[in-house]
Amino acid sequence: MHNALNNNQSEMLLNFCLENLERWFAVIGLVEEYDTSLALLQGVYNIPFKKCATGTAINKSNYLNLHPMEKTTKNDTNTATKETLKQLKLDLQRDPLVSKALSADVRLYEKAQEIFERQKRTYRERFGQL
């Protein structure tokens with residue numbers, strides 16, 4: 001039995017999710033703004049997320065070993081790694097199949113970023129610094 005959605009159904013579902021994302025979640029958190037996300041969660045739920053977990057973001061990737069055979073200093077490796085990752089990312093973004101496969105994810109993430117920024121502004125207006 002084939003249960004895949006057609007393009008029109010997929011677009012309708014994506015739009016439904018985009019329209020309701022903020023309604024479904026009291027707080028949107030982003031890994032790249034981990035501590036700020038904790039502060040927002042703490043403000044909404046009055047649970048000491050920030051106090052208990054600030055600075056504990058262990059879900060950070062370390063790509064220092066991308067070129068293990070090269071004999072370079074740590075700074076040289078970091079620079080080379082960043083450039084390599086930047087190029088790989090650009091290559092993937094230019095690939096039409098990858099772009100199509102990730103388009104819904106990208107749109108959801110962009111909406112989440114927009115909501116997160118709005119939530120940060122609202123928090124600062126009400127409570128001051130995060």
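We number each residue from 1, following the sequence as shown.
The side-chain heavy atoms of L108 and C17, taken from C-beta on, include a pair separated by under 4.5 Å. Within the 4.5 Å cutoff, the side chain of L92 has no heavy atoms near those of the K89 side chain. Here the side chains of I47 and Q42 are not in contact, with every heavy-atom distance at 4.5 Å or above. Here the side chains of R121 and E117 are in contact, with some heavy-atom distance below 4.5 Å.
Residues passing the ring-ring contact (aromatic ring centres under 6.0 Å, His included) test with Y123, sequence neighbours excluded: F127. Taking the side-chain contact (heavy atoms from CB on, under 4.5 Å) definition, one finds that Q129 meets it with nothing, sequence neighbours left out. Residues satisfying the side chain to side chain donor-acceptor pair (under 3.5 Å) criterion with N7, sequence neighbours excluded, are absent altogether. Applying the salt bridge (charged side-chain N to carboxylate O under 4.0 Å, His left out) criterion to K111, with sequence neighbours excluded, gives E114. Checked against side-chain contact (heavy atoms from CB on, under 4.5 Å), N6 has the following partners two or more places apart in sequence or in another chain: N8, Q9.
Linking Ile, Leu, Val, Met, Phe, Trp and Tyr whenever their side-chain heavy atoms come within less than 4.5 Å puts L21 and L41 in one cluster. Hydrophobic clustering of Ile, Leu, Val, Met, Phe, Trp and Tyr side chains at less than 4.5 Å, counting indirect connections, unites L38 with Y45. In this structure, L30 is a member of the same hydrophobic cluster as W24, with clusters built from ILVMFWY side-chain heavy atoms closer than 4.5 Å. Both Y34 and F25 are members of a single hydrophobic cluster when ILVMFWY side chains are connected at heavy-atom separations under 4.5 Å. F49 and V44 fall within the same hydrophobic cluster, where Ile, Leu, Val, Met, Phe, Trp and Tyr residues are linked whenever their side-chain heavy atoms come under 4.5 Å apart, directly or through other members.
Evaluated for a side-chain contact (heavy atoms from CB on, under 4.5 Å) with K120, the options I28, T36, I115 yield exactly one hit, T36.
Annotation: the span from Q119 atom CD to E22 atom CD amounts to 6.0 Å, rounded to 0.5 Å. A distance of 9.5 Å separates CG in L40 from OG1 in T122, rounded to the nearest 0.5 Å.
Across all their heavy atoms, L5 and S10 have their closest contact at CB-OG, 3.5 Å. Taking both residues in full, the closest heavy atoms of G29 and S37 are given as CA-OG, 3.2 Å, listed atom of the first, atom of the second, then distance.
With hydrogens and angles disregarded, no donor-acceptor distance shorter than 3.5 Å links the side chain of E33 to the backbone of F116.
Counting only residues at least two apart or in different chains, side-chain hydrogen bond (donor to acceptor under 3.5 Å, both in side chains) contacts with residues 95-108 comprise E11-R107, N15-R107.
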